[in-house]
Amino acid sequence: MPPANNLFVVAPLSLDLTVVENGRAGRDQMNAHSRDRVVNRSAWFYIQSSVEGQQQQHHQQQQQGTLEQIASPLNGQPRLQHTRTFSSDYLEGLLSSPSIRSLASMIAETPRSDSSMLSFEPHPIVGDAWRHLRKAIVLYSGNPVGTIAAMDSSEEALNYNQVFFRDFVPSALAFLMNGEPEIVKNFLKKGVRLQSNWEKKRIDNFTLGKGAMPASFKVQFDAARNHDVIIADFGESAIGRVAPVDSGFWWIILLRAYSKSTGDHILAETPECQLGIKLILNLCLSEGFDTFPTLLCADGCCMVDRRMGIYGYPIEIQALFYMALRCARGMLKPEGDSKELLERIEKRLKALKYHIRSYFWLDFEQLNKVYRYKTEEYSHTAVNKFNVIPDSIPNWVFDFMPRKGGYFIGNVSPARMDFRWFCLGNCIAILSSLATPEQEAGIMDLFEERWEELIGEMPLKIAYPALENHEWRLVTGCDPKNTRWSYHNGGSWPVLIWLFTAACIKTGRPHIAERAVELLEARIAKDSWPEYYDGKLGRYIGKQARKLQTWSIAGYLVAKMMLEDPTNLGIIALEEDIKVKVPMPRSASWMF
Ligand code: GLC
């Protein structure tokens, strides 16, 4: 294991420039031979930079030449320009791992396969996963437009027979990584069409904000008109009637992933997509009474879509907001009213990054500071800016916090720090480079130090710890689905494996992801791909978990494909944003 306080720089290794020049954009056109070579030869290796002072610069140079290039389409450029010849144990580990040897066969399990690629044994459940994923595809007028949330016929469908925006993301990534972008393109186009229907979406005489994207949609055949129609749900039918804040962000992130993976920038440049991006961002960047750059949200507005005390400024939304702003900045054409929007994006990114890095971050030292906070401080010299009362720190956090490691807490608002750990927000903070390199390493250290709590027997905990007893009654409103260590309340969600794996690869720790994937592989197919598991260790299939939950299936496939070809990470990860450097000390934020 590498010493944790060192900065690990992740760089792609190109062993074969001929292959590299084929690039992802041409994956479908590649012959079996060259595809095979991509599979077997592309790998990442990890350079341990020990030179103090040069670390940051080195990191940036490396990173600029890595993620931005590896998944980028070619346009006549070689896909990788850096050819490094360093070797390390980590590379050895990657190359000798059983999983890295199975991509060829895994692709061969899919209809796009080429039988000449069947050179290695895949894990037996990979084929099962692809079959189920394909069965989940939803067609609109004969064209694939998404995947259904779950295929469990033993339970009442509720809205699990719909295409959820957030659930489709891992499916989309699996298809992109497998060189099948059509379904993703269709989904993106449908998404933007649905967005323009917002006016029809009323909840008791109240119209949603222009730009909102639906949580989900279903395709129905209209016999009278003799064609398929799409019925979208912006929250007006959802349990709790909450509109998803995350859908629009995921749509933007996916649009960038699609462009990156295929090299097709034309879609993002269409007036429809440009308008779609602008509408989403106008909604989020509109001025109000805010004193923080974070986005104020209702409870249940994201993956955790029931009352769970995440109202306010939940980390999941803030991290997705940051990532979507960054993706949008790269896709908006700097013309007309977009110029002004781009300036607003730039300012918001800067402020948001500062705020999250400073006030959401908690590690041993910071916890000790909060524990010793003075209260009722007035003026901009205040250290305890939000007037958090140390007595409000829950006991569990003192034991949970390791000496090494840290995380972004769940929520920060006046007199409130929600100390709970949430998986999605922390992983997205790594993938979007919202976290500093040190914070990224800290989040990964926490995973390692608190393996039993966060991974347990089934990866991964959606949130830690569970709310119990009186707190559960008060915070969830006695929600019987969210009892302690179940569902959103400390349940374990296999879908999160793709985010975890991506974070592990980005921080140079793929071996941790492999451990987690092995745990998952041991059970998930036998258990019929449940939506979530219950219990402190995630040992039991969730009380009300659907079986054949599509994002559990797709999440696993994406994790496998990233481990086997780590260059896939470039589709979804963003490098440190050097344009938005925030050298400011914590106490000087009032100077903005
Ligand atoms: C549950 C989850 C939500 C997911 C939906 C469909 O409501 O909480 O995140 O999108 O199921 O799978």
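When a ligand or atom number is given, it counts from 1 through the structure's own listing order.
- Nearest to atom 3 (C) of ligand 1 by heavy atom, out of Asp305, Thr550, Leu424, Ile239, is Asp305.
- Contact between Gln549 and ligand 1 is present, with at least one heavy atom of the residue lying under 4.0 Å from the ligand.
- The shortest N/O to N/O separation between Val304 and ligand 1 does not fall below 3.5 Å.
- Under a 4.0 Å heavy-atom criterion, His488 is in contact with ligand 1.
- When ring centroids are compared, Phe500 and Phe447 come within the 6.0 Å threshold.
- When hydrogens are left out, the protein atom nearest atom 12 (O) of ligand 1 is Asp167 OD2, 2.5 Å; that is the closest non-hydrogen contact.
- Tested against Trp529, the residues Asp128, Thr550, Asp152 include a single side-chain hydrogen bond (donor to acceptor under 3.5 Å, both in side chains) partner, Asp128.
- Summary of contacts: the protein heavy atom closest to atom 11 (O) of ligand 1 is Tyr160 OH, 3.5 Å.
- When side chains are defined from C-beta on, Lys560 counts as touching Glu521, because their heavy atoms get closer than 4.5 Å.
- Partners of Ala243 under the side chain to side chain contact (heavy atoms under 4.5 Å, CB included) rule, at least two apart in sequence or in another chain, are Leu208.
- Taking Ser247 as the reference, Phe165, Met213, Pro244 meet the side chain to side chain contact (heavy atoms under 4.5 Å, CB included) condition, with sequence neighbours excluded.
- Scanning the protein for heavy atoms near atom 5 (C) of ligand 1, the closest one is Phe164 CE2, 3.9 Å.
- Shown in contact with Tyr487 at under 4.0 Å from a heavy atom are these atoms of ligand 1, numbered in order with element: 1 (C), 2 (C), 7 (O), 8 (O).
- Heavy-atom contacts of Trp551 reach the following atoms of ligand 1: 4 (C), 9 (O), 10 (O) (cutoff under 4.0 Å).
- Using a 4.0 Å cut-off to heavy atoms of Glu531, the atoms of ligand 1 that qualify are 1 (C), 11 (O).
- For atom 9 (O) of ligand 1, the closest heavy atom belonging to the protein is Met303 O, 2.7 Å.
- In this structure a side-chain-to-backbone donor-acceptor pair under 3.5 Å is missing from Ser486 to Thr483.
- The aromatic rings of Tyr532 and Trp493 sit parallel, their planes meeting at an angle under 30°, below the 60° perpendicular limit.
- Taking the six-membered ring for Trp and thresholds of 30 and 60 degrees, Tyr359 and His355 have ring planes more than 60 degrees apart, a perpendicular arrangement.
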